[in-house]
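Take a look at the structure set out below.
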Amino acid sequence: MPLKFRLGKDVKGGLSYQDYIYLKRIVQAFRLHRFDQREFARKGEDYLFNFVNKNVGPVDEKRRKFLQGILVGVSAALVAGIIPGLRVLVPPVEAISGFPKTLIVDSSGNPIKASTLPVNSPIIMLFSYPLKDEINFLLNLGDKDGKPVEIPATTVIVPQTGDKYQFPGGVGPNKSIVAYSAICQHLGCEPPYIHFYPPKYVNTAQISAPEPDALTAEAVLAAQKENLPGIIHCDCHGSTYDPYHGAAVLTGPTVRPLPAVILEWDSSTDYLYATGYVGVGVYPTGSNGVPSKDPSSDLEESQFGVSVGNKSSISESNPFS
């Protein structure tokens, strides 16, 4: 059934799921790549088409008509700031100055217990942190036999800048639980296009799988070369990350690792808490689009909504079903 969306006071119909995803990617690109409102006001749709072509993907005739019919109006409203309904697509912003300590709970509000998390689960488990529209994977990593493996502290390199930072490693009874941003650092694609591939799915058969579960041959070869049981892969453009070593870049086109959520495990209750972020900023800053080295420096400029507060609930979906 076509999705509906709100534009001003009117509810518009006929937006297909594919168009909705495309529009969502464009809105993400606005956030991640600094849509220049002055340039848009000066050059009009040519600037918009070039921006989308560069940061989202090729603008064919179908996409051009889609942009002309819908997004030009949305973008014009961005410049003028006159569409209240745009909040449906662009959440309200509330700056925060620090990372909260957030208990991770299930959809019923009960605390997630670390010892109950399935190992190598194909289920996408997402929670928001530190802002409500900023999603992260929760993973309990294991070997090819499905046994949990300790994830060591790792020095992660940022290929884009050559900078390094320290990933603190896994937590939980087996030190095998990690959490990473679920927003691809290439062009901002989200699940189900980016997700964890357990060991049983990291093989050549997956190269011909349909979206959102296809792997590139480069990703399979890289995993085999590094002897990685599982990987995180983005089906949008083929970026691959190593979840066993701080979500470091395994294959491009991304040039930035996935930022990691700092987790805390309370052994007396078996509860898990999110307490911070480490890695490059989720939100690129500066005129050249290069993200900061410290995610906390970007919080005050975030476009990902309001603070998640002291609890964040897990949502689940299975991309392989």
Side-chain angles (χ1 to χ4, degrees), residues 101-108 110-127 129 135-156 165-182 191-192 194-203 206 213 215 219-220 222-233 240-250 257-279 312-321:
K101 182 173 181 177
T102 300
L103 177 65
I104 302 175
V105 300
D106 63 21
S107 57
S108 298
N110 301 311
I112 293 287
K113 292 196 172 184
S115 60
T116 67
L117 280 179
V119 178
N120 289 343
S121 174
I123 304 293
I124 298 174
M125 300 184 69
L126 297 174
F127 69 99
Y129 186 84
I135 51 176
N136 307 275
F137 296 117
L138 184 64
L139 304 171
N140 192 3
L141 298 173
D143 60 18
K144 291 182 178 179
D145 296 322
K147 297 179 180 178
V149 295
E150 179 176 339
I151 307 301
T154 307
T155 299
V156 180
Y165 62 88
Q166 195 68 12
F167 168 69
V171 301
N174 299 295
K175 298 183 179 180
S176 58
I177 298 173
V178 295
Y180 301 115
S181 171
I194 179 173
H195 62 87
F196 176 63
Y197 288 70
K200 64 180 292 187
Y201 294 103
V202 183
N203 52 57
Q206 213 63 32
D213 300 325
L215 287 176
V220 174
Q224 292 174 344
K225 180 180 178 181
E226 300 298 329
N227 196 29
L228 293 174
I231 55 178
I232 294 174
H233 183 77
T240 315
Y241 304 89
D242 178 357
Y244 295 81
H245 299 90
V249 175
L250 198 59
L258 290 177
V261 178
I262 299 174
L263 296 174
E264 180 180 305
W265 175 57
D266 184 337
S267 60
S268 64
T269 61
D270 204 23
Y271 295 171
L272 290 167
Y273 296 85
T275 63
Y277 245 93
V278 65
S312 183
S313 61
I314 290 285
S315 63
E316 299 182 358
S317 63
N318 188 349
F320 295 103
S321 62

Nearest-0.5 Å distance, OG1 of residue T275 to CG of residue L272: 11.0 Å

Between CE on residue M125 and CG on residue D106, distance to nearest 0.5 Å: 9.0 Å

Distance-only side-chain donor-acceptor flag, S268 / D266, under 3.5 Å: yes

Evaluation steps, side chain to side chain contact (heavy atoms under 4.5 Å, CB included), between Y277 and V261: CA-CA 5 Å; Y277 245 93; V261 178; 4.0 Å; yes

Check: F137 and I194 side chains under 4.5 Å, non-hydrogen atoms: yes

Side chains of N136 and S181, donor plus acceptor under 3.5 Å: no

Distance in Å, L141 CG paired with S121 OG, rounded so as to fall on 0.5 Å steps: 11.0 Å

Exercise: identify the closest heavy-atom pair between P243 and V178: O-CG2, 4.4 Å

Within-4.5 Å side-chain heavy-atom neighbours: P257 and Y180: no

Interatomic spacing from CD1 in I177 to CD1 in I151 - rounded to 0.5 Å: 10.5 Å

Any donor-acceptor N/O pair, N174 side chain to E150 backbone, under 3.5 Å: no

Non-hydrogen side-chain atoms of L126 and I314 separated by less than 4.5 Å: no

Atom of Y241, atom of A247 and distance for their closest heavy-atom approach: CD2-O, 3.6 Å

Heavy-atom side-chain proximity of I231 to L215 below 4.5 angstrom: yes

CG-CG distance between D143 and N120, expressed to the nearest 0.5 angstrom: 7.5 Å

Side chain to side chain, V149 and Y244, heavy atoms closer than 4.5 Å: yes

Within-4.5 Å side-chain heavy-atom neighbours: I124 and P319: yes

Pairwise side-chain contact, F320 with K200, heavy-atom cut-off 4.5 Å (strictly under): no

Which atom of L250 lies closest to which atom of A223, heavy atoms considered: CD2-N, 4.2 Å

Check: P122 main-chain N/O paired with Y201 side-chain donor or acceptor under 3.5 Å: no

For V220 against N203, the heavy-atom pair lying closest together: CG2-O, 3.7 Å

Donor + acceptor pair across side chains of T154, H245 (<3.5 Å): no

Heavy-atom pair with the smallest gap, counting every atom of P229 and V202: O-CG2, 3.6 Å

Heavy-atom closest pair, residues V278 and P168: CG1-CD, 4.0 Å

Polar contact flag, side-chain donor to acceptor under 3.5 angstrom, T155-Q166: yes

Reported CG-to-CZ distance for the pair L139 and F196, which is rounded to 0.5 angstrom: 6.0 Å

Minimum side-chain heavy-atom gap P191-I135 below 4.5 Å: yes

Aromatic ring pairing H195/Y197, orientation class (parallel under 30°, perpendicular over 60°, tilted between): parallel

Test side chain to side chain contact (heavy atoms under 4.5 Å, CB included) applied to Y271 and V105, step by step: CA-CA 9 Å; Y271 295 171; V105 300; over 6 Å; no

